[in-house]
K.L.:
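One structure, pasted below without further comment.
Nothing here was measured: the structure is a model prediction, and the numbers come from that model. As a basis for the values below, the full set of heavy atoms in this structure was taken, side chains included, without hydrogen atoms, waters or symmetry mates. Each chain gets a letter, A, B and so on, in the order the sequences are listed, and its residues count up from 1.
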Amino acid sequence: MSEENDHFRQRVFHIVAAIPYGKITTYGDIALLAGSPRAARQVGGVLKRLPKDSKLPWHRVINRKGEISLVGGDYVRQKTALQAEGIRFNRQGRVDLAKYRWQYAKN
DNA sequence: ATGGTGACTCGGG
DNA sequence: ACCCGAGCCACCA
């Protein structure tokens, strides 16, 4: 295994940190950028175990359906944070991916 | 070392 | 569009 596979978590941190204000991305996209297209699930795992004092904008990560994967108080916290950035949720608690999705392609 | 787990996805029906 | 079953795979006990 090349060092590419090492520090998956490290890569996730770096990618999440790059998501701009007012934009969102999916677990799958992060997995892809991190070099493990099939590890979307693990991305969630990494975020789940983020240290409480982390400054990462973890709230900008949602699932492929455009909805928040968290539940309970965590769900509310994430939704509130996103709305504070101007992201609108539809009646079914979903955001317009085409509109807010962060496209890594730039420069 | 080994096996279980889940903040996910995709493909069918 | 919704529900489900089945892969996936880094991480943790």
K.L.:
Rounded to the Å, how far apart are A:Lys65 NZ and B:dC8 P?
P.N.:
8 Å

K.L.:
Whole angstroms only, please: what is the CG-C1' distance between A:Leu82 and B:dA7?
P.N.:
13 Å

K.L.:
Considering every strand and a 4.0 Å limit on heavy-atom distances, what is the contact class for A:Arg94: base, sugar-phosphate, or nothing?
P.N.:
sugar-phosphate

K.L.:
Atom CG of A:Leu50 and atom P of C:dC12: how far apart are they, to the nearest Å?
P.N.:
12 Å

K.L.:
Taking only side-chain N and O atoms of A:Gln42, does any of them lie within less than 4.0 angstrom of OP1 or OP2 on B:dA7?
P.N.:
no

K.L.:
Using only atom types and a distance under 3.5 Å, with no angle test, would you say the side chain of A:Arg49 pairs donor to acceptor with the backbone of A:Gly45?
P.N.:
yes

K.L.:
If only side-chain N and O atoms of A:Arg9 are considered, is one of them under 4.0 Å from the OP1 or OP2 phosphate oxygen of C:dC12?
P.N.:
yes

K.L.:
Can A:Phe89 and A:Ile68 be said to form a side chain to side chain contact (heavy atoms under 4.5 Å, CB included), step by step?
P.N.:
CA-CA 10 Å; A:Phe89 286 77; A:Ile68 290 174; 3.9 Å; yes

K.L.:
Restricting to pairs with a member in residues 94-103 of chain A, which pass salt bridge (charged side-chain N to carboxylate O under 4.0 Å, His left out), not counting sequence neighbours?
P.N.:
A:Asp29-A:Arg101, A:Glu67-A:Arg94

K.L.:
Is there a path of hydrophobic side-chain contacts, each under 4.5 Å between heavy atoms, that joins A:Leu47 and A:Phe13?
P.N.:
yes

K.L.:
Quick check for you: among B:dA7, C:dC2, C:dC11, whose closest atom lies nearest to any side-chain atom of A:Trp58?
P.N.:
B:dA7

K.L.:
B:dT9, B:dA7, C:dC11: which one has an atom nearest the side-chain heavy atoms of A:Arg64?
P.N.:
B:dT9

K.L.:
Take atom CG of A:Leu32 and atom C1' of B:dC10, then tell me their distance rounded to the nearest Å.
P.N.:
14 Å

K.L.:
Quick one: do A:Leu50 and A:Ile15 end up in the same hydrophobic cluster if we chain Ile, Leu, Val, Met, Phe, Trp and Tyr together by side-chain heavy atoms under 4.5 Å apart?
P.N.:
yes

K.L.:
Using a cut-off of 4.0 Å on non-hydrogen atoms, how would the nucleic acid contact of A:Gly45 be classed: base, sugar-phosphate, or nothing?
P.N.:
nothing

K.L.:
Side-chain contact, heavy-atom cut-off 4.5 Å: A:Val12 with A:Gln42?
P.N.:
no

K.L.:
Look at all strands and tell whether A:Glu67 reaches a base, only sugar-phosphate, or nothing, counting heavy atoms closer than 4.0 Å.
P.N.:
nothing

K.L.:
Examine B:dC8: is either OP1 or OP2 under 4.0 Å from a nitrogen or oxygen in the side chain of A:Ser69? Give yes or no.
P.N.:
yes

K.L.:
Could you state the atom-to-atom distance from NE2 of A:His7 to C1' of C:dC9 in whole Å?
P.N.:
18 Å

K.L.:
For the side chain of A:Lys48, counting heavy atoms from C-beta on, which of C:dC12, B:dT9, B:dG6 is nearest?
P.N.:
B:dG6

K.L.:
Would you tabulate the nitrogen or oxygen pairs shorter than 3.5 Å linking the protein to nucleotides 5-7 of chain C?
P.N.:
residue	atom	partner	partner atom	Å
C:dG7	O6	A:Arg41	NH1	2.8

K.L.:
Check the distance between C:dC9's C1' and A:Phe8's CZ and give it to me in whole angstrom.
P.N.:
8 Å

K.L.:
Given atom CG of A:Leu70 and atom C1' of B:dA7, what is their separation to the nearest angstrom?
P.N.:
5 Å

K.L.:
Can you give me the closest heavy-atom contact between A:Arg60 and A:Ile19, atom names plus distance?
P.N.:
NH1-O, 2.8 Å

K.L.:
Looking only at the side chain of A:Ser36 (C-beta and beyond, no hydrogens), which of the listed nucleotides C:dA10, B:dA7, B:dT9 gets closest?
P.N.:
C:dA10

K.L.:
From CG of A:Asp74 over to P of B:dA7, roughly how many Å is that when rounded to an integer?
P.N.:
10 Å

K.L.:
For A:Arg49 and for A:Gln92, find the nucleotide of DNA chain C with the closest heavy atom, then tell me which residue's nucleotide is more 5'.
P.N.:
A:Gln92

K.L.:
Are A:Leu97 and A:Ile30 in one and the same hydrophobic cluster, where Ile, Leu, Val, Met, Phe, Trp and Tyr link if side-chain heavy atoms are under 4.5 Å apart?
P.N.:
yes

